[in-house]
Amino acid sequence: MSFLVILLILYVIWDVNYFIRCVFTVFAGRLFQRKRKVTDTTTIYGLCTSQDVDIFIRHMNNARYLRELDFARFHFYALTGLYERIRERRGGAVQGASSVRYRRTIPIFHPYKIQTKLIWWDDKAIYLEQQFVTLADGFVRAVAMSKQNITNCNVLEVLKTYPETAQRPEKPEELKLWLDAIELSSQKLRKDK
């Protein structure tokens with residue numbers, strides 16, 4: 001009985017569902033899906049459940065979008081082997097910035113997919129575009145851009161190990177504008193010190 005109490009306390013203290021989903025997403029991808037090129041789009045699927053909704057119990061809560069994006073990034077890293085190559089160099093990956101544009105809500109009990117694609121990189125970070133698409137109508141409900149800071153190693157060196165990244169794509173215009181906005185914000189914060 002005390003074991004069950006300890007499990008219940010751990011379940012309340014830690015977000016056990018998050019860790020279970022992380023492990024499931026990574027291992028299911030590795031076991032049941034083929035490896036992908038780092039320039040390929042990867043896809044995971046989800047369902048807006050009662051644990052994902054806002055206070056009115058109608059559609060996905062904004063915070064849940066960010067959480068789901070985590071799972072899609074972990075899946076991308078697992079299928080492309082990118083995180084393993086970063087770790088081989090004793091590096092790591094941390095979220096540096098993100099921007100989400102919500103276009104239309106995802107209603108409760110609606111299935112969706114998240115598509116993740118590497119759109120650009122520099123020596124310190126990779127930039128991903130992720131889209132939430134509802135399966136019933138194929139509508140892009142939200143679009144996110146994220147800057148994944150790669151620590152303790154040079155991204156250009158890591159990506160040289162992938163033949164498909166020999167030619168870096170042109171930086172998308174919306175990414176340029178977003179990075180400019182981040183830089184302006186950083187300059188303002190530096191001036192405030």
Side-chain angles (χ1 to χ4, degrees), residues 18-46 65-101 103 111-135 138-183 185-186:
Y18 177 82
F19 295 104
I20 291 172
R21 177 93 185 270
C22 286
V23 169
F24 175 79
T25 299
V26 169
F27 285 110
R30 284 185 178 176
L31 292 174
F32 302 113
Q33 293 182 303
R34 65 176 173 76
K35 285 283 192 187
R36 301 282 164 60
K37 293 179 179 179
V38 76
T39 54
D40 285 347
T41 299
T42 60
T43 304
I44 66 166
Y45 294 87
Y65 284 86
L66 296 175
R67 181 183 171 117
E68 293 300 311
L69 291 173
D70 269 354
F71 301 131
R73 278 192 303 275
F74 299 154
H75 182 257
F76 171 82
Y77 280 125
L79 287 187
T80 62
L82 181 57
Y83 192 71
E84 290 170 353
R85 293 185 192 196
I86 292 167
R87 292 298 301 152
E88 287 170 1
R89 290 162 175 77
R90 300 180 188 264
V94 294
Q95 183 79 310
S98 64
S99 174
V100 181
R101 186 167 67 93
R103 299 183 67 223
Y112 59 87
K113 64 183 176 182
I114 303 172
Q115 297 176 311
T116 302
K117 181 159 182 64
L118 174 66
I119 57 171
W120 199 71
W121 58 89
D122 57 30
D123 61 329
K124 295 181 181 170
I126 64 169
Y127 301 89
L128 302 174
E129 180 181 84
Q130 297 176 283
Q131 297 182 350
F132 284 83
V133 181
T134 43
L135 300 183
F139 190 82
V140 177
R141 301 290 174 137
V143 178
M145 280 194 295
S146 74
K147 176 183 181 181
Q148 296 286 290
N149 292 331
I150 308 302
T151 60
N152 301 323
C153 64
N154 184 302
V155 174
L156 300 175
E157 293 298 318
V158 174
L159 289 178
K160 278 183 186 175
T161 65
Y162 290 93
E164 62 270 22
T165 61
Q167 181 67 36
R168 183 168 62 169
E170 189 172 320
K171 189 189 300 184
E173 185 64 26
E174 65 184 321
L175 179 61
K176 286 180 197 174
L177 295 171
W178 182 55
L179 292 176
D180 288 345
I182 291 171
E183 183 56 32
S185 174
S186 294

Which heavy atom of [X] sits nearest a heavy atom of [Y], and at what distance?
X      : Y      : value
Phe74  : Cys22  : CE1-SG, 3.3 Å
Pro163 : Thr161 : CD-O, 3.7 Å
Val26  : Ala78  : CG1-CB, 4.0 Å
Cys153 : Gly91  : SG-CA, 4.2 Å
Ile150 : Ile86  : CD1-CD1, 3.7 Å
Ser98  : Leu66  : OG-CD2, 4.3 Å

> Looking at the rings of Phe71 and Tyr18, which for Trp means the six-membered one, are their centres under 6.0 Å apart?
Replying inline: yes
> Any chance the side chains of Arg36 and Thr42 put a donor and an acceptor closer than 3.5 Å?
Replying inline: no
> Is the closest side-chain donor-acceptor distance between Gln130 and Gln115 under 3.5 Å?
Replying inline: no
Going from [atom1] on [X] to [atom2] on [Y], what distance comes out if it is rounded to the nearest 0.5 angstrom?
X      : Y      : atom1 : atom2 : result
Ile119 : Tyr127 : CD1   : OH    : 9.5 Å
Asp122 : Leu156 : CG    : CG    : 7.0 Å
His75  : Arg30  : NE2   : CZ    : 11.0 Å
Ile182 : Lys147 : CD1   : NZ    : 6.0 Å
Gln131 : Thr116 : CD    : OG1   : 9.5 Å

Tell me whether [X] is salt-bridged to [Y], with the criterion being a basic N under 4.0 Å from an acidic carboxylate O.
X      : Y      : result
Lys160 : Glu157 : yes
Arg73  : Asp70  : yes
Arg21  : Glu68  : yes

Judged by atom type as modelled, is there a donor-acceptor pair below 3.5 Å linking the side chain of [X] to the main-chain atoms of [Y]?
X      : Y      : result
Lys117 : Thr39  : yes
Arg89  : Val158 : no
Tyr45  : Leu135 : no
Lys124 : Thr151 : no

Are side-chain heavy atoms of [X] and [Y] found at a separation under 4.5 Å?
X      : Y      : value
Phe76  : Val38  : yes
Met145 : Val143 : no
Leu159 : Leu82  : yes
Arg168 : Trp121 : yes
Val100 : Leu69  : yes
Arg141 : Thr134 : yes

> Residues two or more places apart in sequence or in another chain: which of them pass side chain to side chain contact (heavy atoms under 4.5 Å, CB included) with Val23?
Replying inline: Phe27
>> For Arg87 and Glu84: C-alpha separation, side-chain torsions, deciding distance, then whether side chain to side chain contact (heavy atoms under 4.5 Å, CB included) applies.
In response: CA-CA 5 Å; Arg87 292 298 301 152; Glu84 290 170 353; 5.7 Å; no
>> Would Val140 and Val133 count as a side chain to side chain contact (heavy atoms under 4.5 Å, CB included) here? Give the steps.
In response: CA-CA 4 Å; Val140 177; Val133 181; 4.0 Å; yes
Could you go through residues 169-181 and list every donor-acceptor pair under 3.5 Å that involves a side-chain atom there, pairing it with any protein atom two or more places apart or in another chain?
none

> What do you reckon, is CZ of Phe24 surrounded by more than 12 foreign heavy atoms closer than 6.0 Å?
Replying inline: no
